There are 2 protein chains.
Amino acid sequence: MHNDDSFDLQGFLPYLLAQAAETASAGFQRHYKDRYGMLRTEWRVLFHLGRYGPMTAKDIGARARVHKTKISRAVAALETKRFLTRNVVTRDRRQAKLDLTKNGQAAFDDLYKAAQAFDAQLMAGFSRQEGAALKRCLAALAAQ
Amino acid sequence: MHNDDSFDLQGFLPYLLAQAAETASAGFQRHYKDRYGMLRTEWRVLFHLGRYGPMTAKDIGARARVHKTKISRAVAALETKRFLTRNVVTRDRRQAKLDLTKNGQAAFDDLYKAAQAFDAQLMAGFSRQEGAALKRCLAALAAQ
DNA sequence: TATTGTTATACTCTATAACTATA
DNA sequence: TATAGTTATAGAGTATAACAATA
C-alpha cells in the first residue's frame, strides 16, 4: 500500500482520458448508431465527405490519418446503406471518387448539427477560456 | 460542403478525447504489456490491490466502477501469472480476498513508479495551472 | 430470493499481412 | 516495382445474459 502520497488512478492522465473519451464517445454514438446504424469510422468518413466534398478513399485516409483498411470497410458499409456511391476515376482505375447520395447528404447534415450541439453541450460546463485550453491540451497530447 | 464555419473533426471534443486517450493509452501500455504481459484491466486491478491493499473482486468493482465480469477475467489472468492469490472468505464463501504475491507486489511497485513518471512526462508540456485544469475538466467529462 | 463470481456470446475497434488490379 | 483498395485474421475492449455456488 502506498499511502505516503496521493497518486491514484483518478489522477493518472491516461486513465482520466480513457474515462472521458469513453463517456463522450458513448454519448455521441447514440446519434450515428441508433439513428443511422453507423460505426465510428463510418461517421468519420461520412463527415469528411460531407464537410470537404467528394474525394477518394486515399484522400480521406490522408486527411483523417486513418488506415486504408478501416476506410475500405467504412466505405463498403456506407455504400450498402446507400449513403454514398463509388465512381471509378477514369485516368487511374484503381481509385474511386466517393460521392454522398441524397440520403448520405441528409444524414451528414443531421449529424453535423448533432455534433455541433453535442460539442456545445459538453463544453457548456466550462468557461470559454477553459474549454479552449482543454482542446489545446488534448490536441497537444494527441500529437505526441 | 460546409465552408461557412470552421467546425471540423479536429475541433470535435469526442474526437479529440479519443485521439488523446488512444495516444496516452498506447504509450503506457508499453509498460504493463511488454514488461508484464498484462491487459489494461489487469493493470487496473493490480493497481487497486497494490495501492489500497487486499480486497475482494466486489470491492475492486465498487472502487473502480468496473463490471464484475471484467474483474473476474482480470483476476483469473493475474492469478495465472502468479501476481495474486485468492483466499476464500470463511464467513461468506462466495467471496475471495485477493492478495498480491511477492511478484505481484514487485510488478506493482515498478508500474506505480512508471505511471507516476509517465504522467509527469505527459504533463511536462503544460503549466501547473493548465495541467490541473485539464484534469479537472476530464474528471467532469467522465462524470457526465 | 438475492448476491458473488464465472462463463458464453457478441459487438466494436485496432493492427498487420497478404492479396487484386491497376499503374 | 509501386500504389489503391480489399480481404483475412487476430488481439483488445466492451456489454449483457445466463449460470453455479452460496447466503
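Computed from a predicted structure; not experimentally measured. Reminder, nothing fancy here: chain letters follow the sequence lines and each chain counts from 1.
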Should [X] be listed as having a side-chain N or O under 4.0 Å from OP1 or OP2 of [N]?
| X | N | answer |
| --- | --- | --- |
| A:Arg93 | C:dT22 | yes |
| B:Arg86 | C:dT6 | yes |
| B:Arg40 | D:dT14 | yes |
| A:Lys68 | D:dG5 | no |
| B:Lys70 | D:dT14 | yes |
| B:Ser72 | C:dT6 | yes |
| A:Lys33 | C:dT12 | yes |

Contacts of A:Val89 and B:Asp92 projected onto DNA chain C by closest heavy atom; the upstream (5') one is B:Asp92

5'-most contact on DNA chain C (nearest-nucleotide basis), B:Arg94 vs A:Tyr32, goes to B:Arg94

Length of the [atom1]-[atom2] vector between [X] and [N], whole Å:
| X | N | atom1 | atom2 | result |
| --- | --- | --- | --- | --- |
| A:Leu17 | D:dG13 | CG | P | 16 Å |
| A:Trp43 | C:dC13 | CH2 | P | 14 Å |
| B:Arg73 | C:dT4 | CZ | C1' | 15 Å |
| B:Arg91 | D:dA21 | CZ | C1' | 18 Å |
| A:Ile71 | D:dT3 | CD1 | P | 18 Å |
| B:Arg65 | D:dG13 | CZ | C1' | 19 Å |
| A:Met38 | C:dT12 | CE | P | 14 Å |
| A:Gln95 | D:dT3 | CD | C1' | 9 Å |

*asked:* I'd like to know if B:Glu42 and B:Arg73 make a salt bridge, using a cut-off of under 4.0 Å between side-chain N and carboxylate O.
replied: no

| Ion pair B:Arg86/B:Asp99, N-O distance below 4.0 Å | no

- What class does the angle between the rings of A:Phe83 and A:Tyr36 fall in, given that below 30° is parallel, 30 to 60° is tilted and above 60° is perpendicular? perpendicular

Angle between ring planes, B:Tyr112 versus B:Phe47, binned at 30° and 60°: parallel, tilted or perpendicular? tilted

Ranking A:Glu22 and A:His67 by the position along DNA chain D of their nearest nucleotide, the one closer to 5' is A:His67

| message | At 4.0 Å (heavy atoms only), tell me whether B:Thr56 reaches a base, stays on the sugar-phosphate, or touches nothing. | response | sugar-phosphate

Next item on the list: Identify whether any heavy atom of B:Ala76 sits under 4.0 Å from a base atom; if not, whether one sits that close to sugar-phosphate; answer base, sugar-phosphate or nothing.
Entry: nothing

- Query: Do B:Gln95 and B:Asp92 have side-chain atoms, one donor and one acceptor, less than 3.5 Å apart?
  - Reply: yes

Donor-acceptor pair between B:Arg40 and B:Ser25 side chains, under 3.5 angstrom: yes

Picking from C:dC13, D:dG13, D:dA4, the nucleotide nearest the side-chain atoms of A:Lys58 would be D:dA4

